[in-house]
Amino acid sequence: MLESIIAALAWATLTIVVSQGVSIIIMWWLGLPPKKLIHEIEVVQNAAVGACFFIISMTASLFISVYFSQGFSRVESFGNSAAWFMVGLVMAAVYVALAFAIAHRIMGRENNESVYGYMRREIVEEQNAALAFFLGGIAVAPFIAMVFQVI
């Protein structure tokens, strides 16, 4: 079981890194290097940039996950299925929390605000759709990767 969890973590990590890398490379190819990408999301709040990042990230993570999954394997018991579901859910949530923390460090936070405070200010108060799509692109990859690793 430990070997399966380590393999799932390795493939999920690869999926996340590659899908985010592909997103950044394509955005760079479109004329938005990482420094400008942050400016477009934070200052300009360009929803189209955030949406493109989300779509590219989701598509790349689906492609990679399908390619590297072993296909559906029937689990024999409900308890075993539930355990794998919980392990996948926890692992994906940890990846998302880590990704949000990294994004928080890179993006424009104010006055030592927390990750939650930053996201709340930007998404709820400022209605920054670009950041919402960007964070969605970061969050979707770990869950897609875990779904395909768990099945």
Looking at side-chain heavy atoms only, is the closest gap between L37 and V49 below 4.5 Å?
yes
I need the full list of side chain to side chain donor-acceptor pair (under 3.5 Å) pairs touching residues 11-33, with sequence neighbours left out, sorted by first then second residue.
T13-Y95, Q20-S57
Backbone N/O of I41 and side chain of N128: donor-acceptor pair under 3.5 Å:
yes
Applying side chain to side chain contact (heavy atoms under 4.5 Å, CB included) to V18 and not counting sequence neighbours gives L14, V22, I64
When clusters are formed by joining ILVMFWY residues with side-chain heavy atoms under 4.5 Å apart, either directly or through shared neighbours, do F63 and I25 land in the same one?
no
Same apolar cluster (I L V M F W Y, side chains within < 4.5 Å links), M146/V94
no
What's the separation between atom CG in L9 and atom CD1 in I16, rounded to the nearest 0.5 Å?
9.0 Å
CZ of F54 to OG1 of T59, rounded to nearest 0.5 Å, is 9.0 Å
Same cluster or not: are L89 and L98 linked, directly or through other Ile, Leu, Val, Met, Phe, Trp or Tyr residues, by side-chain heavy atoms under 4.5 angstrom apart?
yes
Could you tell me which non-hydrogen atom of I144 sits nearest to which non-hydrogen atom of S61, and how far apart they are?
CD1-OG, 3.4 Å
Just so I know, are the side chains of M107 and L131 near enough to count as touching, which here means a heavy-atom distance under 4.5 Å?
yes
Could you tell me how the ring of Y118 sits relative to the ring of H104: parallel (under 30°), tilted (30 to 60°) or perpendicular (over 60°)?
perpendicular
Are side-chain heavy atoms of I24 and P34 found at a separation under 4.5 Å?
yes
In Å and rounded to the nearest 0.5 Å, what is the CZ to CD1 distance from F100 to I138?
6.5 Å
Test of understanding: with side chain to side chain contact (heavy atoms under 4.5 Å, CB included), list the residues that count as partners of E126, not counting sequence neighbours.
Q45, R121, E122
Quick one, I56 and M27 - any side-chain contact, counting heavy atoms below 4.5 Å?
yes
Between CD of E42 and CZ of F134, what distance do you get to the nearest 0.5 Å?
9.5 Å
Looking at every non-hydrogen atom in both residues, tell me the closest pair between L135 and A103 and how far apart they are.
CD2-CB, 4.2 Å
Atom SG of C52 and atom CD1 of I26: how far apart are they, to the nearest 0.5 Å?
9.5 Å
Flag if over 12 foreign heavy atoms under 6.0 Å of CZ, F143
yes
Locate the shortest heavy-atom distance separating P33 from G31; write the atom from each residue and the value.
CD-O, 3.3 Å
